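Both backbone and side-chain heavy atoms feed into the values below; hydrogens, waters and symmetry mates do not. Here is the naming used below: chain letters follow the sequence lines, and residue numbers restart at 1 for every chain. None of the values given here were measured: they were computed from a predicted structure.
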Amino acid sequence: MTGPAILDIADLAARIPDGTRLAIAPDYSGCSMAVIRTLLQRRARGLRLVAVPTAGFQADMLIGAGCVAEIEAAAVSLGEYGPAGRFNAALRAGRLVMRDATCPVIHAGLQAAEKGIPFMPLRGILGSDLVARRPDWKVIDNPYAQAGNDPILLVPAITPEIALFHAPAADRDGNVFIGVRRELMLMAHAARRTLVSVERIVDTDFLADEARAGATIPALYVEAIAQAARGADPVGLFGAYGPDEAALADYAQASRDDAAFAAWLENIDAGQMVSA
Amino acid sequence: MTEGAIQIREILIAVIADMLDGCGHVAVGASSPVPGAAALLAQARSGGAMRVSVLGSTRHNFFTDGGRELFDCAAQGRIDAFFLSGGQIDGAGNINLVGIGDPDRPKVRFPGSFGSAYLAFMVPKVILFREEHTPRTLVEKVDFVSAPGTSDPGIYRPGGPRALVTGRAVFAFSPDEARFTLRSVHPGETPETVAAQTGFAYNTPDTVPQTPLPDNDTLALMRGPVARAVAETYPGFAAQLWGIAA
């Protein structure tokens with residue numbers, strides 16, 4: 001049968017061309033740090049990131065290495081580790097286009113793409129300065145209003161060219177187990193192509209077990225898979241291993257200083273994820 | 001255990017918990033340890049009547065449909081209270097999570113609006129929380145409106161800000177007036193010291209009480225089971241405040 005291609009990490013990363021509109025998972029939900037590392041080493045260029053719906057370490061690292069032209073996100077932050085230093089520096093220098101959104105807009109835009117429809121209406125948000133800065137968002141009168149005018153926001157479908165994430169396991173047919181992390185399912189449904197790194201590939205069929213099937217992305221949506229043990233280090237992977245707090249704190253520190261980040265990136269080029 | 005001096009954060013946790021009593025479902029966003037602790041305290045004394053969803057928690061999070069579920073839930077009216085903060089908060093209840101200066105070349109950049117532009121409309125009781133209470137954070141007019149404090153009458157808006165809790169004081173918010181009223185000041189503060197640190201105008205009643213201190217039962221609950229529950233999601237915070245590990 002023809003399932004997803006099984007590649008090594010380098011070949012999976014090579015399927016992400018410069019300039020790709022690339023959807024990435026939030027820090028808590030399966031970051032393919034193994035592929036991000038390869039993109040950093042390659043100095044990918046012109047990526048247009050879609051954060052689902054917020055971004056952290058992956059985005060900040062890519063921005064710092066000059067890989068990113070624009071990012072659509074509800075927020076970019078290193079969470080409890082503090083501000084995203086490279087993101088902030090790039091914005092202050094005018095080197096990055098930030099398309100500020102709000103979490104439910106990104107979810108709704110991806111849901112529109114998932115349904116193959118051009119837009120999604122959403123409550124709230126009207127009167128936020130976000131609307132003024134997003135000409136692609138429209139306000140219409142609710143055509144189903146009972147009485148009077150009822151303005152409501154429309155947001156366009158968000159169709160990433162590629163969704164990239166890391167998951168605990170794939171089965172022999174390329175079905176990908178994601179547990180309760182259904183934003184990964186949404187990403188795979190919405191994107192034209194989905195590339196996944198996994199901790200392990202197991203010789204079973206996740207779809208044969210009903211309890212597991214509901215927490216599985218069918219291979220139908222998956223173009224290629226690569227195995228990468230601890231592929232979400234240092235951010236950590238749900239249900240598998242926690243964050244490497246020392247490495248994340250080191251990165252957060254490095255992100256706030258040009259020279260320190262340059263040194264951090266040299267370590268990445270040398271094959272390490274933690275700064276010396 | 002109730003020994004040990006009452007800490008300011010314990011006062012904040014208790015006063016926010018008081019605002020949540022009676023809620024059926026309280027949700028707490030990421031990186032919000034004081035509101036998170038307050039929600040878990042209110043839940044602990046609700047006799048099982050209150051649900052609390054803490055984003056980022058495994059044990060105190062029952063969503064199973066991904067990141068969107070919180071927002072869908074809110075739009076249906078299934079969330080009674082939520083917490084928002086801001087790099088700036090102004091006297092009309094507007095919050096700014098984007099930055100200061102031209103957003104394309106900001107002087108200061110904040111993380112971004114998260115779900116604020118939406119949840120501020122949908123959740124009936126939005127409690128604004130910002131520990132730093134200075135003219136820098138509480139401003140006359142925010143540089144960028146992530147979420148407006150009020151909306152025109154024709155806009156669908158079942159929810160909005162109802163209170164502001166800071167490291168110095170508690171304010172109530174009136175959407176009709178689009179204005180705050182000082183409700184209480186924390187120990188060590190007076191209405192005058194609070195006014196000197198607030199960049200926006202607000203109503204001050206003739207008498208402003210001191211914010212109540214948590215009683216012994218509340219302290220015991222907070223420092224016992226609540227502290228242990230908090231440590232699961234906010235280990236650094238719980239260790240710093242109560243000296244306990246997850």
Per-residue contact mode, [X] against chain B (heavy atom under 4.5 angstrom):
{"X": "Asp100(A)", "value": "side chain"}
{"X": "Leu186(A)", "value": "side chain"}
{"X": "Phe238(A)", "value": "neither"}
{"X": "Arg181(A)", "value": "neither"}
{"X": "Arg133(A)", "value": "side chain"}
{"X": "Ala108(A)", "value": "neither"}
{"X": "Ala93(A)", "value": "backbone"}

For [X] and [Y], test the side chains for any donor-to-acceptor distance below 3.5 angstrom and give the result as yes or no.
{"X": "His166(A)", "Y": "Glu199(A)", "result": "yes"}
{"X": "Asp60(A)", "Y": "Tyr251(A)", "result": "yes"}
{"X": "Gln7(B)", "Y": "Trp242(B)", "result": "no"}
{"X": "Arg78(B)", "Y": "Gln76(B)", "result": "yes"}
{"X": "Glu183(A)", "Y": "Ser29(A)", "result": "yes"}

[X] versus chain A, heavy atoms under 4.5 Å apart: side chain, backbone, both or neither?
{"X": "Arg157(B)", "result": "neither"}
{"X": "Pro33(B)", "result": "neither"}
{"X": "Phe63(B)", "result": "backbone"}
{"X": "Ser146(B)", "result": "backbone"}

**Request:** Quick one: which of Ala55(A), Gly94(A), Pro83(A) has the most heavy-atom pairs under 4.5 Å with chain B, could you say?
**Result:** Gly94(A)

**Request:** With a 4.5 Å cut-off on heavy-atom pairs, point out which of Leu91(A), Leu153(A), Leu78(A), Ile178(A) contacts chain B the most.
**Result:** Leu91(A)

**Prompt:** Any side-chain heavy-atom pair from Pro148(B) and Asn94(B) closer than 4.5 angstrom?
**Reply:** yes

**Asked** Does any non-hydrogen side-chain atom of Thr102(A) lie less than 4.5 Å from one of Ser128(A)?
**Response** no

**Message:** Below 4.5 Å, heavy-atom pairs only: which of Ile155(B), Val108(B), Asp104(B), Leu119(B) has the largest tally toward chain A?
**Reply:** Asp104(B)

**Complete:** Greatest number of non-hydrogen atom pairs under 4.5 angstrom with chain A, of Ser116(B), Pro103(B), Ser151(B), falls to Pro103(B)

**Message:** Please verify the inter-ring angle class for Phe171(B) with Tyr202(B); under 30° counts as parallel, over 60° as perpendicular, anything in between as tilted.
**Reply:** perpendicular

**Request:** Could you tell me whether Phe57(A) and Tyr81(A) have their ring centroids closer than 6.0 angstrom?
**Result:** yes

**Request:** Using the six-membered ring of Phe87(A), assess whether NZ or CZ of Arg109(B) lies under 6.0 Å from its centre and within 45 degrees of the ring axis.
**Result:** no

